[in-house]
Amino acid sequence: MNGKHISKLGFENKAIGLALSAASLREGAGAGREEILNELRGVQAAPQEYAAGGVYAALAAHLLEQHAKAEAKKGVALYEKPLPYGVWGADLIESGARAQMDVAMRLPISRAGALMPDAHVGYGLPIGGVLATEGAVIPYGVGVDIGCSMMLSVLPVAPEKLATEEAGALLLKHTRFGAGVGFDKREREDHAVLHDPAWQDQAILRHLFDKAVAQIGSSGSGNHFVEFGTLTLNQPDEGLEAGTYLAILSHSGSRGFGAQVAGHFTGLAQKLHPNLDKAAQKLAWLPLEGEDGQAYWQAMTLAGQYALANHELLHARLARALGVKPLMQASNSHNLAWKQRVNGQELIVHRKGATPAAAGQLGLIPGSMAAAGYLVRGRGHPEALASASHGAGRQLGRKAAANTLNKKDVQAYLKREGVTLIGGGIDEAPQAYKRIQDVLARQSDLVDIVAEFRPRVVRMDTGSEDV
DNA sequence: ATGTGC
């Protein structure tokens, strides 16, 4: 008896090994080759009858597990019609983003959803999409930049006390931008998140730890920014008197660490669902109670904390350089999944470019590099799953922006708005974004405005082409 | 979004 005889029966890989072990036991008991092959055919035809015990139990259990997996793979059909979901600012949202949300609402795991007024097309779930699922998490429902987030520090400094040149110098000295970029060894700072025991729990986390250490406190590329500006409160709130303050606003994520976590787990999810409708391929999910789902949840949570730690170190550096302590700070993640009760049921709420906006919860909604951003307070709208937009949202894709806008127009726009820009590619031009006032007007039932932030000195990554 | 794949 050898593997050839057995693979001829249609067994594969691990099943061949298990069948050979069983066969040798049967040979030892005096059974002949044909007799054993017949028995194996029997196990193959009805493994459930052999799983309880005996020489073929391990093989039968393995075959049953394989069958179950195969059934799961075959059984993934999308609902014919999307579940209904709320759309805020439908007049501002391109059809492609609606189409992506429609697909998401046809997944068998989907239970509720909403689309925010800054929505635009993304990988899988649209940016500005909120999706509640049952018992499963979608890595691309969170996005590539796990834990991408905002932070505001309000400083005990009058805005005019910081000269534009000094603000620019501080940003150049204390921030790091660009893909792959981190801090030099002697400049690195420690943070409690780097001592989380979770780093030791998974091979991928152990592997990415050094990169996380090198990049903590940094800001990345694309639409990420750090800026000094003027925060205006029209009335006292959050322990601040009405008035104007120098403030720091930043947008950053979990850098290479989070990106690699996202790539790894969406790969596992897509492998688990090879027959998923093509339109939904990038929405492949992991059962939350499975080993991979649990591992993703742990890694995602860590990446979310790591992203906030990036902001904390950055703001601490700048405040220290100015010799002040912030009067007030606020932060929020806008690419993450949360366990949340929806209509009395605990679901997994994915926000991909959407600000958590539970009643009373503070959030930060930036405009473009040259437009105001807002400190807001959530209103806990149930049909929005307690969410709001995460910014103004693009009206031009990166390529379209690069093709239709030119440097002179962008420079004139910045000058008119009194904004000094360090770095920044043409694809991040203010004209590439929707008007933040329009976006806010479409979600006045989702958030209240607490304060307005006007950017003055902005640093972004250099991008492919400087403005 | 990330230093990388079509």
Side-chain angles (χ1 to χ4, degrees), chain A residues 97 100 118-129 138-151 175-184 204-205 207-226 250-267 269-270 281-283 296 299-300 302-311 314 332-337 350-355 366 368-369 390-394 396-402 423-429 432-433 459-465:
Chain A
Q100 284 190 314
D118 59 339
H120 54 95
V121 169
Y123 287 130
L125 196 64
I127 317 298
I138 304 172
Y140 269 1
V142 169
V144 174
D145 190 5
I146 300 171
C148 186
S149 43
M150 298 293 306
M151 186 163 172
T175 70
R176 293 292 180 277
F177 279 83
V181 172
F183 281 90
D184 289 342
I204 185 170
L205 299 180
H207 172 68
L208 291 169
F209 180 72
D210 288 349
K211 182 188 273 288
V213 167
Q215 295 192 317
I216 198 163
S218 67
S219 300
S221 61
N223 58 4
H224 288 176
F225 61 77
V226 182
S250 58
H251 180 206
S252 182
S254 52
R255 310 291 282 103
F257 161 45
Q260 293 204 28
V261 167
H264 172 71
F265 284 99
T266 200
Q270 291 186 45
Q281 241 165 25
K282 287 197 163 65
L283 290 166
Y296 175 73
M300 178 202 77
L302 187 60
Q305 289 164 348
Y306 176 82
L308 290 175
N310 281 339
H311 290 277
L314 161 69
N332 68 269
S333 307
H334 51 223
N335 285 11
L336 211 63
H350 305 73
R351 291 189 183 84
K352 187 188 196 183
T355 304
S368 72
M369 60 165 72
H390 83 311
R394 288 189 161 275
L396 294 176
R398 294 187 178 281
K399 277 179 199 157
I426 194 87
D427 51 353
E428 286 297 327
Y433 283 85
R459 186 175 183 195
M460 302 188 80
D461 184 30
T462 313
S464 53
E465 192 185 2

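Note that this is a predicted model, so its numbers are computed, not measured. Basis for what follows: all heavy atoms, side chains included, without hydrogens, waters or symmetry-related copies.
- In this structure, NE2 of A:His224 is placed 10 Å from C1' of B:dT2, rounded to the nearest angstrom.
- At whole-Å resolution of the value, CZ in A:Phe257 and P in B:dA1 are 18 Å apart.
- Within the 4.0 Å cut-off from OP1 or OP2 of B:dA1, not a single side-chain nitrogen or oxygen of A:Arg255 is found.
- Heavy atoms of A:Gly222 sit under 4.0 angstrom from primed sugar atoms or phosphate atoms, though from no base atom.
- A:His264 places its NE2 atom 18 Å from the C1' atom of B:dA1, with the value rounded to the nearest Å.
- In this structure, A:Asp461 places its CG atom 11 Å from P of B:dG3, rounding to the nearest Å.
- When the P atom of B:dA1 is taken as reference, atom CG of A:Asn335 falls 9 Å away, rounded to whole Å.
- The local environment of CZ in A:Phe183 is crowded, with over 12 non-hydrogen atoms from other residues, nucleotides or ligands closer than 6.0 Å.
- For A:Ser221 and B:dT2, the shortest distance from a side-chain N or O to OP1 or OP2 is below 4.0 Å.
- For A:Gln215, the side-chain atoms get nearest to B:dG3 when compared with the rest of B:dG3, B:dA1, B:dT2.
- For the pair A:Lys352 NZ and B:dA1 C1', the interatomic distance rounds to 11 Å; values are reported in whole Å.
- The residue A:Lys211 sits close only to the backbone: its heavy atoms come under 4.0 Å of sugar-phosphate atoms, none of a base.
- Across the protein-nucleic acid pair, A:Arg176 atom CZ and B:dA1 atom P stand 21 Å apart, rounded to whole Å.
- We find that CD of A:Gln260 is positioned 17 Å from P of B:dA1, with the value rounded to whole Å.
- Residue contacts shown for A:Ala259 are limited to sugar-phosphate atoms, with no base heavy atom under 4.0 Å away.
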